[in-house]
Amino acid sequence: MKSIWMDTTMIPRRNSLTGNKRTEVVIIGAGMAGVLTAFYLQRHGVHVVILEANRIGSGQSGFTTAKITSQHNLIYQKLEKSVGKDHARLYGKANQLAVEEYGKLITRNSIQCHYEKKDAYLYSVQESKKLLKEAEIAKELGLPASFVQETNLPFSVCGAVRFTGQAQFNPLEFLKEISSGITIYERTKVIKVHGHDVITDRGVIKAEKIVFASHYPFVNIPGFYFAKMYQEKSYVLELDSVDDLGGMYLGVDKKAYSLRNYDGRLLLGYGSHRTGKVPDTDPFITMRHTAEHLFPKSKILRGWTAQDCMTLDGIPYIGTYSAFRPDWYVATGFGKWGMSSSMVAAKMLSLQITGKRTPYDSVFSPQRHHIKASALRAAEHGLESVKGLSAGIRPGVVNCPHLGCRMIWNQYDKRWECPCHGSGFEINGKICAGPAQRSLPFID
Ligand code: FES
């Protein structure tokens, strides 16, 4: 299943690693976070190498709807309550600066990537109370937020939170340009990381510092990311002949849609569920009905799924991998906000790796303990993992090569999925999403 970005953007191939090498920093993963981190590290004069198991941008960066925004659903009222006003302000500031940094980078380097400034809207067709609150809190935290009653959506809303000066682009066109001066070895799969040695199927790279930017970290101990992160799936339809809606939209109601235009088309996003908890009805059929109703003149061109890493408190993990591994770094758990979070991660990690601190370190630290913010999701995540593991010990079932949970068949996506941490496998068992690193036994 290819996304529109993958189908319309050709990024030149890179060689695979041959033999053993040394570098100052090795980054695992050539997605948006990995490439941007390398880009800023090189600007600081650091020698960097990226290792990519597949192709540049072939992971989740190729499946995003590519909204560049600091508007992350109703996050600011949640953060103010769970981690306090100061951390909520810093979270918002880091992301708003990230939005602005994309604009500067693209203009300064004349990057052709269908970059457009757009306002971002959170809408509801049911109630305005939460939106009013979000607009008020976000504005108080210094973000460009206001509450509005009118939008250009083809249905009426109770209200919307508007963030001005946000943006959208084609992420692979951007990655193609920004990665051009960086050493990247494609089709080079990291098998193991041992101290300062990154062991791949093509050779070993010795590095002073190592960055894990490959979506879900695959080293279980130390770090224990499997205990504090799960994955969610969502669905996108691409429609042609849809007039520009004058903004990027996200509904906050239970069964709401995400909408953004691209080059005369519309990307309609829907549904969000824990990977491995397959919905009763086919999300693509639901979306098709909605598309026919709202945009009767349009044609459906394609559909694809996206998969996002979710942290327990809703804040990404950016910083040192573990207190036991001070030379390892991680950027993960971006939720549905991979574009702004990738930039936040790149700016922070490039400073941390060169020995500097940032005002945001404690907010995004992977070692933080926001008990209040994490309690509910931690309990749910623990329960789902226990269910997956106890199902896995039944004889005759397919087990996940990551930590042994029982696999589930997703008939809509035609994939095996693990309900514990979200690993995914094609129908023949070939691995297509981590943290598992091996395919299911029936392919090998
Ligand atoms: Fe962790 Fe399957 S992804 S057990």
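Start at 1 and go down the list; that is how both ligands and their atoms are numbered. For reference, positions follow the sequence shown, starting with 1.
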Handout entry: Under the ring-ring contact (aromatic ring centres under 6.0 Å, His included) test, residues paired with Phe334 that sit two or more places apart
Key = none

Completion exercise
With sequence neighbours left out, the residues meeting ring-ring contact (aromatic ring centres under 6.0 Å, His included) with Phe218 are Phe212

Problem - Arg302 with Asp7: basic N within carboxylate O range, under 4.0 Å - result: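 Counted as a salt bridge, because a side-chain N and a carboxylate O are separated by less than 4.0 Å.
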
Problem - Lys/Arg N to Asp/Glu carboxylate O, Glu426 vs Arg415, below 4.0 Å - result: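 Looking at Glu426 and Arg415, the cut-off is not met.
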
Practice task
Could you tell me whether any N, O or S atom belonging to His402 is less than 2.8 Å from atom 1 (Fe) of ligand 1?
Solution key: yes

Problem - Ligand-residue contact atoms, ligand 1 with Cys418, heavy atoms, under 4.0 Å - result: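 Result: 2 (Fe), 3 (S), 4 (S).
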
Practice task
Run the numbers for me: atoms of ligand 1, each under 4.0 Å from some heavy atom of Ser423, listed by number.
Solution key: 3 (S)

Practice task
Taking the two cysteines Cys405 and Cys418, decide whether their SG atoms are closer than 2.5 angstrom.
Solution key: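 No, Cys405 does not link to Cys418 through a disulfide.
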
Practice task
Indicate if the distance from atom 2 (Fe) of ligand 1 to the nearest N, O or S atom of Cys400 falls below 2.8 Å.
Solution key: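 Checking Cys400: at least one N, O or S atom is under 2.8 Å.
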
Practice task
For atom 1 (Fe) of ligand 1, find the closest N/O/S atom on His421 and give its atom name.
Solution key: ND1

